A.B. asks: 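Quick one: the structure is below, and I'll ask about it shortly.
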Protein chains: 2
Amino acid sequence: MSEDYKQEIRNLELFTAMDEANFRALVRGAYVQNFPPRIDLIHENDPPDFLHVILSGSVDLFSVWNGRETSMATVRPVSTFILAASVRNLPYLMSARTLEKSRIALIPSQDVREVFARDSAFAQAIVAELAQCYRSVVKNAKDLKLRTSFERLANYLLRQQERTGDVAFDLAMEKRRLASFLGMTPENLSRAFKGLEPHGVKVDGSRIVICDLAELTRYAKPNPLIDDYAT
Amino acid sequence: MSEDYKQEIRNLELFTAMDEANFRALVRGAYVQNFPPRIDLIHENDPPDFLHVILSGSVDLFSVWNGRETSMATVRPVSTFILAASVRNLPYLMSARTLEKSRIALIPSQDVREVFARDSAFAQAIVAELAQCYRSVVKNAKDLKLRTSFERLANYLLRQQERTGDVAFDLAMEKRRLASFLGMTPENLSRAFKGLEPHGVKVDGSRIVICDLAELTRYAKPNPLIDDYAT
DNA sequence: AGGCCCGCTTGATAAATGTCAACTTTGCGA
DNA sequence: TCGCAAAGTTGACATTTATCAAGCGGGCCT
């Protein structure tokens, strides 16, 4: 692995505080790979051989049951995924596939577990990361259980508005994947966009304009305990 | 706090491996309290003053948004809750109330964070616990997104069957709470029980008998990656 | 024992969401 | 530039789920 990549990984919150020698040990067995779009990286139920770090591109985490499929999250650079499975050495709960051309570092889970056992700074960083992940999924579960699909979309749009800092933005993913992520069908997403028009949302292809932020906020009733990614 | 309580807490997986002196420091500022049924212990968005350890009784974790309420989990002895908020020092995402008379130990979060920073065995135990919690919520989200309410109930019953080791058992909670936990209304739960009768489920009050386990299994299609609590 | 409260059930109805099929639009490669 | 494939949209309809109102029934207090 090149020094550039190592530095990029080192700059991740998960790896900044740890001991240099331990970090070297961690990346010694690691390697970086380029993947074309729509490649399966991980299949749920596989043993967690590698901790994945996405350096460029984007990855979809999804799950399947009984012929149905749902998108659980999108991972973007620079961050890791499937940390929980790696540290506990338990099978992946989600599958992963690239959405676009992506560069991904693979760190053997075995090494992660060994280093984590002896580097307390690393262990602390893992605690912080896992707590963060846990809270994200809890928020997601609250979103699903407490809101209708229209409300989920409205709040999603407000989060994007917040993230981009602009009332006009492009959707970060295909509508069909957004639908799956929000727990609905593509058809229903189409109707939800229509249904939000009276609440200040204009849609043209993947271009979104929130032309009445106050009204959309009134409708969506965003709540930090569901919608704030930071906390 | 009595030595008995301390020992009970010490036996929790979270606390067994840590240094004795650090454990003493942790429980020094802790205290045990008895609560009557239906008492609010924690309100979501409160700062995480205490890590809670439930010694007896049971506690409901729930969330509220826009006048709607949903039950997220039930905590039973002996285990902790709201660990993620404690270690990250971020507001609680869920509220908690006792379901019955309960004895609960309260450990100041400040102490948890301090000890966790210097006791690597404790940090490792926290990692294991958080990873476990994370995986549980992911499974819950998959359950919600991939299954209908009838299917969720069917799989819930199979999990109970597995847990008790008996095809006949009593529901562990009120039906109205079970409905909320499964993400449906009490009325719909009633109909779901009816709907499962042809699939081998007999209901009399809170008494459940799975009289055709094979048929219920065929209908429910349980999956370890959603339904196994252990992994 | 009587009566009342509360949880549960049931039926009727409405709302939310999914399915299917047809059509339109878009992006891309020949 | 054309034409195709895939994504998106739309309408009709089916299914799932929620809501509302009424009634049932057990537990519990007096």
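First the proteins, then the strands, lettered A, B, ... as listed; each starts at 1. Computed from a prediction, not measured in an experiment: that's the story for all the values here.
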A.B. asks: Compute whether any side-chain donor of one residue and acceptor of the other, for B:Ser180 and B:Glu69, lie under 3.5 angstrom apart.
C.D. replies: no
A.B. asks: Under 3.5 Å, is there a donor-acceptor pair between the side chain of B:Ser95 and the main chain of B:His43?
C.D. replies: no
A.B. asks: Using modelled atom types only, decide if a donor and an acceptor are shared between the side chain of B:Arg88 and the backbone of A:Ala128 within a distance under 3.5 Å.
C.D. replies: yes
A.B. asks: Figure out the CG/P separation between B:Leu189 and D:dA18, and round it to whole Å.
C.D. replies: 11 Å
A.B. asks: Against A:Asp227, only a single residue in A:Lys221, A:Arg159, A:Lys139 fulfils side chain to side chain donor-acceptor pair (under 3.5 Å); can you say which?
C.D. replies: A:Arg159
A.B. asks: Using the rule salt bridge (charged side-chain N to carboxylate O under 4.0 Å, His left out), only one of A:Arg76, A:Arg176, A:Arg177 pairs with A:Asp60; which is it?
C.D. replies: A:Arg177
A.B. asks: Quick one: A:Glu174 CD to D:dA6 P, roughly how many Å, whole number?
C.D. replies: 12 Å
A.B. asks: With rounding to the nearest 0.5 Å, note down the distance linking OH in A:Tyr134 to CG in B:Leu83.
C.D. replies: 8.5 Å
A.B. asks: Ignoring hydrogens and angles, state whether a donor on the side chain of A:Tyr229 or A:Arg163 is under 3.5 Å from an acceptor on the partner side chain.
C.D. replies: no
A.B. asks: Want to settle it: does A:Arg152 or B:Asn188 sit nearer the 5' end of DNA chain C, counting the closest nucleotide to each?
C.D. replies: B:Asn188
A.B. asks: Using the heavy-atom set of chain A and a strict 4.0 Å cut-off, write down the first and last nucleotide of DNA chain C that makes it in, 5' to 3'.
C.D. replies: C:dT17 to C:dC20
A.B. asks: With hydrogens left out and only the distance checked, is there a donor-acceptor pair under 3.5 Å joining B:Arg147's side chain and the base of D:dT17?
C.D. replies: no
A.B. asks: May I have the distance from B:Arg176 (atom CZ) to D:dG26 (atom C1'), rounded to whole angstrom?
C.D. replies: 15 Å
A.B. asks: When you measure from the side-chain N and O atoms of B:Ser149 to the phosphate of D:dT17, is any distance below 4.0 Å, counting only OP1 and OP2?
C.D. replies: yes
A.B. asks: When the distance from CZ of B:Arg191 to P of D:dT17 is rounded to whole Å, what number comes out?
C.D. replies: 12 Å
A.B. asks: How would you label the contact of A:Glu187 with the nucleic acid (heavy atoms, under 4.0 Å): base, sugar-phosphate, or nothing?
C.D. replies: base
A.B. asks: What is the distance, to the nearest angstrom, from the CZ atom on A:Arg177 to the C1' atom on D:dA6?
C.D. replies: 16 Å
A.B. asks: Separation of A:Leu171 atom CG from D:dT9 atom P, in whole Å?
C.D. replies: 10 Å
A.B. asks: Within this structure, what is the NZ-to-C1' distance between B:Lys175 and D:dG25, rounded to whole angstrom?
C.D. replies: 12 Å
A.B. asks: Please report, rounded to the nearest Å, how far the P atom of D:dG25 is from the CZ atom of B:Arg207.
C.D. replies: 22 Å
